[in-house]
Number of protein chains: 2
Amino acid sequence: MSDAKASEAEVDPCCSGAPVAAIDEDDATQLASVFAALADPVRLRLYDLVCAAGEICSCDLQEPLGRSQPTISHHTKILADAGLITGEKRGRWVWWSAVPGRLAGATDALQAVRAR
Amino acid sequence: MSDAKASEAEVDPCCSGAPVAAIDEDDATQLASVFAALADPVRLRLYDLVCAAGEICSCDLQEPLGRSQPTISHHTKILADAGLITGEKRGRWVWWSAVPGRLAGATDALQAVRAR
DNA sequence: GTCATAGATCGAAGGTTGTCAATGTCTGAT
DNA sequence: ATCAGACATTGACAACCTTCGATCTATGAC
């Protein structure tokens, strides 16, 4: 099945031998969960709102996002589980803020392979 | 519902007035599709293999990823539709390569908001 | 032409996700 | 103690996603 190189070219186009997987399955699953958290338009706008505001209350997310309160709660939980935002409870309200470097760290883990 | 600021503090903690959404719904949907393409462990490793190899044949993806041929074809299509990889058909084989700057462009669109 | 192979497409099974109504829990005010 | 409000949780449903077997198309070898 993998005689493409042998029949098209004598030498491997990039390195040598079989391609080496830089990311193992566990790392891939971990990384994918971060991207999955941003794979929804509502969550992207939510994350954007949090970044733009620096700190924002859950109750102020409901109106601009146009979703019900349980749905907002659901999305903040997913973003928090992915480590992209963090919430602090003050009195009756929860204030959300972005975790610095978390998104950059995820993309770096992928892009780092190009530097080799 | 949004009297949190008024009751907890007199001044808005970051800017002033209602928070401004930096990303509109259409942009968010477009951006989310790029992240959705990377939100699967198999596709992440596939993208990683393509980046690491520079150029790689579909038939050489099947074995390291441990998925059937239709599944590999499905995933390459999703990554290609998202603009992350591009394929060139040569003879019987399709050679895939990463689209430079595509992933960085997506993350920049999100992170740019922090620079404001 | 005939045959073998690379890859795309189709259809189906099973799991996951986004959404909201209803309800529960906790906090601060009266 | 009682009440109202901010979030979390549960349950349900529709939509979507991942996967594979079967099949189709296209290309190169004989």
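Computed over heavy atoms, backbone and side chain alike; hydrogens, waters and symmetry mates excluded. Order of the sequence lines sets the chain letters (A, B, ...), proteins ahead of strands, with each chain counted from 1.
Across the protein-nucleic acid pair, A:W95 atom CH2 and D:dA6 atom P stand 12 Å apart, rounded to whole Å. Taking atom CD of residue B:Q62 and atom P of nucleotide D:dG21, one finds them 11 Å apart after rounding to whole Å. Taking atom CH2 of A:W96 as the reference point, atom C1' of D:dA6 lies 13 Å away to the nearest angstrom. If you take CG of A:L61 and P of D:dA6, they are 13 Å apart, rounded to a whole angstrom. Rounded to a whole Å, the CD1 atom of B:I72 is 11 Å from the P atom of C:dA8. Rounded to an integer number of Å, the gap from CG of B:L38 to P of D:dC17 is 15 Å.
A side-chain donor-acceptor contact under 3.5 Å links A:T76 to the backbone of A:I72. Side chain of A:R67 to backbone of A:L61: no donor-acceptor contact under 3.5 angstrom is found. A:R102 contributes no side-chain N or O that, together with a main-chain N or O of A:V34, makes up a donor-acceptor pair within less than 3.5 Å. Of the possible donor and acceptor atoms, none in the side chain of A:R43 sits under 3.5 Å from a partner among the backbone N and O of A:H75.
Heavy atoms of B:S58 sit under 4.0 angstrom from primed sugar atoms or phosphate atoms, though from no base atom.
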Self-check item: Base-contact (B) and sugar-phosphate-only (S) positions in nucleotides 17-26 of chain C, heavy-atom cut-off under 4.0 Å, - elsewhere
Solution: -SBBBB----
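Scanning all heavy atoms of the two residues, the minimum distance from B:V99 to B:I85 falls at CG2-C, 3.8 Å. Heavy atoms only, all atoms of each residue included: B:G91 and B:K89 are closest at O-CE, 3.5 Å.
Of the candidates C:dG7, D:dT9, D:dC7, the closest approach to any side-chain atom of B:V94 belongs to C:dG7.
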